[in-house]
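Heads up, the thing below is written out as structure tokens.
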Amino acid sequence: MGTLSLVLLLLSVQWSRAQEDPLLPFSEHLDPEHKVRLKWGFDEIQGTILFELTVDTSGWVGFGFSPKGGMTGADIVIGGVGPGGRYFTDRHAGGNSMPVIDQQQNYKLLSLTESNGKTVMKFQRSISSCDQHDLPITNLPMKLIYAYGQTDDITYHSTQRGTKELNLLKYKPRVNPPNNSSFDITMVNFTVPAKQTYYHCKIVRPLTFDRKQHIYRIEPVITNPDLVHHLLLYRCPPSVTETFEAECYTSLRTNLCMETTAVWGVGGGAFEFPEVAGLPIGGNVGGFLYRLEVHYNNPNKSAGRVDNSGLRFYYTSELRQHDAAVLGTGLAVNPGYAIPPKAKSFLTYGLCDTAYIPEVLQTPHDLQVFSAMLHTHLAGRKVRVGHFRGGKQIDLLAVDENYDFEYQDVMNLGKTKTVKLGDKLLVECTYNTENRSTLTWGGLSTSDEMCLAFLFYYPAMNLSGCMSFPNTTALRSEMGTPSPNIWLSLMTNKTWNDTSINQYQQTLKSISQLVIIADSFNNISRNTGLIPDLSVMPSAPCISGCATKSLASLLLCLAVQFMHKYY
């Protein structure tokens with residue numbers, strides 16, 4: 001009996017160890033049906049990252065990284081267990097076709113098994129790679145793609161595919177704190193007008209609490225994903241005391257509520273706050289009303305569609321260390337600026353000068369920024385947020401070099417970045433209008449453009465926005481068109497080519513900007529500023545995975561790689 005107990009104990013310990021691999025501490029399901037599970041772990045000193053992909057199939061499986069969430073430019077591995085044994089290849093995709101095998105195979109297969117209808121593929125690669133077809137893994141979120149088949153005949157995957165964005169190196173798992181619950185703020189049986197663009201606003205009173213709670217997670221509740229373009233929740237000032245519902249920006253009551261509290265864009269998912277911060281509700285902010293804004297993009301002008309979209313808020317009475325908040329930055333949304341047609345790469349800028357925050361707040365302080373939501377419309381291709389201190393650029397606060405209108409999400413910066421009072425933030429947006437024949441104006445429609453960055457930070461301040469807009473008087477003066485009508489005529493009838501586009505862009509950047517800062521109560525400061533030069537921060541040099549502190553070890557590593565490559 002004692003021997004049997006000992007055997008059972010040893011089997012139990014072995015089973016426990018098999019279930020918990022210390023080298024793979026992180027885990028996420030990549031698909032809603034939980035048929036594709038990714039586990040991973042990494043060693044930044046050694047410069048390696050380890051993956052284990054488990055898929056509910058007895059066929060081939062594919063996994064990779066994509067610049068935009070699709071096949072084009074993707075870095076992919078495909079493997080499986082076929083009649084002839086295991087197969088595993090490092091590939092890259094040029095488009096929606098069979099990925100091409102890389103000449104340099106930089107993924108190392110560790111194990112590949114198939115049993116009970118599941119395929120488990122365990123492999124390793126360098127965090128940064130020198131192969132032009134391998135995408136480097138950075139501290140920013142990456143778009144992961146997967147696909148699989150029911151057989152080992154690698155053909156079109158049909159619907160057995162998907163995309164999920166994860167921050168692999170700065171992962172924050174979903175938490176379930178004690179004493180948690182949730183509430184929704186949504187539209188209720190709202191009939192979407194048969195208009196191409198429509199913004200609907202609803203001022204509501206959320207749940208009331210005797211004492212302060214912290215919201216730790218926000219999820220979208222989308223009932224018409226083909227119509228809902230973005231959601232914004234704004235906190236209203238104390239002067240707004242009654243609930244109300246109407247088309248946005250047609251009533252003074254909706255215009256008063258401008259302090260961003262939550263944001264969601266098409267293609268985005270749930271957002272979780274870091275463990276040190278939460279969005280406050282109740283307590284000293286318990287009496288505030290909120291405005292839910294839903295942008296409906298209805299290009300087919302469908303009639304009779306009923307919508308109940310909005311946001312779900314998870315909250316807990318277990319308070320966190322800091323209150324979090326959202327600061328809107330970028331180029332103020334206004335029809336007074338235009339993007340020329342036929343532009344391969346046109347830049348616009350929005351400046352936030354935090355030196356002016358004390359003009360609207362009595363006790364301002366530094367901002368600890370941990371996440372950002374970058375936003376443009378259909379012509380947007382890149383968004384960068386430059387960080388300046390003492391007249392010099394010190395960082396890129398957030399960046400998306402492959403902006404995709406269909407994949408807008410709140411990105412985790414990977415680490416908390418301090419914006420000191422006096423620092424400047426510059427939001428730069430790159431547009432492509434090669435397929436357009438007329439001017440693209442700043443505005444609310446999807447066919448118009450925006451250039452915004454919503455920054456999530458703590459500790460919270462009563463701050464609404466920090467944006468800028470070109471001085472239109474200075475712009476017209478520089479272009480020799482003092483009258484607004486003459487300027488409009490010039491812009492509309494101008495022959496736009498590379499030369500004229502570049503001249504206009506340089507003029508737009510060189511003139512003074514109106515810098516606007518607003519607090520929660522709509523007190524506004526207005527100042528002027530100039531756009532600084534923004535550069536892409538240099539990345540660390542690629543050293544082919546030879547991550548070592550010793551010169552001798554580095555030379556030995558490079559020599560071994562040379563031998564493996566040529567002999």
Side-chain angles (χ1 to χ4, degrees), residues 15 18-21 23-42 48-126 129 131 133-135 137 142-166 168 267 269 406-407:
W15 174 254
Q19 292 296 98
E20 298 177 9
D21 188 341
L23 298 179
L24 298 165
F26 308 125
S27 177
E28 276 278 352
H29 284 98
L30 302 184
D31 65 321
E33 295 80 20
H34 289 190
K35 294 182 178 180
V36 181
R37 185 186 184 190
L38 181 70
K39 297 176 71 176
W40 75 98
F42 54 86
T48 58
I49 186 164
L50 177 67
F51 296 101
E52 184 180 87
L53 186 71
T54 302
V55 185
D56 290 357
T57 183
S58 297
W60 64 269
V61 298
F63 169 81
F65 309 98
S66 168
K68 296 184 178 181
M71 287 286 286
T72 302
D75 171 16
I76 298 171
V77 290
I78 296 178
V81 181
R86 302 184 309 176
Y87 56 92
F88 180 83
T89 48
D90 177 8
R91 300 169 177 253
H92 64 276
N96 293 325
S97 58
M98 175 64 74
V100 179
I101 297 177
D102 290 5
Q103 290 185 353
Q104 185 176 333
Q105 295 286 298
N106 294 313
Y107 288 76
K108 180 181 180 181
L109 179 65
L110 301 178
S111 66
L112 211 169
T113 61
E114 178 188 299
S115 63
N116 300 321
K118 292 182 182 291
T119 296
V120 182
M121 188 165 68
K122 190 174 183 179
F123 53 98
Q124 181 177 297
R125 61 158 283 183
S126 296
S129 175
D131 186 346
H133 298 305
D134 290 345
L135 297 182
I137 297 171
M142 298 188 69
K143 294 178 175 65
L144 311 185
I145 60 174
Y146 67 88
Y148 60 96
Q150 296 303 323
T151 70
D152 290 294
D153 182 16
I154 305 174
T155 56
Y156 181 58
H157 44 64
S158 186
T159 59
Q160 297 171 150
R161 61 166 297 277
T163 302
K164 186 163 187 172
E165 189 171 63
L166 288 176
L168 295 172
E406 299 296 333
Y407 295 96

Go through the steps for Tyr407 and Glu165 under the test side-chain contact (heavy atoms from CB on, under 4.5 Å), then give the verdict.
CA-CA 9 Å; Tyr407 295 96; Glu165 189 171 63; over 6 Å; no
Audit row: Leu50, Leu24, side-chain contact (heavy atoms from CB on, under 4.5 Å) steps and yes/no:
CA-CA 7 Å; Leu50 177 67; Leu24 298 165; 3.7 Å; yes
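The aromatic rings of His29 and His34 sit parallel, their planes meeting at an angle under 30°, below the 60° perpendicular limit.
Listed here is the closest heavy atom pair of Gly70 and Ala74: O-CB, 3.8 Å. When all heavy atoms of Asp152 and Tyr87 are compared, the closest pair comes out as OD1-OH, 2.5 Å. Counting all heavy atoms, side chain and backbone alike, Asp90 lies closest to Gln104 at OD2-O, 3.5 Å. Taking all atoms of both residues into account, the shortest heavy-atom contact from Pro67 to Lys143 is O-CD, 4.0 Å. Contact between Arg125 and Asn106 at its shortest, heavy atoms only, is CB-O, 3.8 Å.
Side-chain N or O atoms of Gln124 include none that pairs as donor or acceptor with a backbone N or O of Lys108 at under 3.5 Å. A donor-acceptor contact shorter than 3.5 Å links the side chain of Thr119 to the backbone of Thr57. Side chain of Asp31 to backbone of Val36: a donor-acceptor contact under 3.5 angstrom is found. Remark: the backbone N or O of Lys118 is not paired with any side-chain donor or acceptor of Asn116 at under 3.5 angstrom. Checked by atom type and distance alone, the side chain of Thr163 pairs as donor or acceptor with a backbone atom of Gly69 at under 3.5 Å.
Taken from CG in Leu38 to CG in Leu144, the straight-line distance is 6.5 Å, to the nearest 0.5 Å. To the nearest 0.5 Å, atoms CG (Asp131) and CD (Gln105) are separated by 9.0 Å. Taking CZ of Phe123 as the start and CG of Leu112 as the end, the distance is 9.5 Å to the nearest 0.5 Å. To the nearest 0.5 Å, the span separating NZ on Lys39 from NZ on Lys122 amounts to 8.5 Å.
Looking at heavy atoms from C-beta onward, Asp102 lies in side-chain contact with His92 at the 4.5 angstrom threshold. With a 4.5 Å cut-off on side-chain heavy atoms, Leu53 and Val77 do not count as touching. When side chains are defined from C-beta on, Met71 counts as touching Ile76, because their heavy atoms get closer than 4.5 Å. Within the 4.5 Å cutoff, the side chain of Ile145 has no heavy atoms near those of the Phe65 side chain. Taking the side chain as every heavy atom from C-beta outward, Gln160 and Gln150 approach each other to under 4.5 Å.
Exactly one residue among Ile78, Asp75, Val100 makes a side chain to side chain contact (heavy atoms under 4.5 Å, CB included) with Arg91. That residue is Ile78. For the ring-ring contact (aromatic ring centres under 6.0 Å, His included) test with Phe51, the passing option among Phe63, Tyr107, Trp40, Tyr146 is Phe63; the others fail.
Applying the 6.0 Å contact sphere to CD of Gln103 captures no more than 12 heavy atoms from other residues, nucleotides or ligands.
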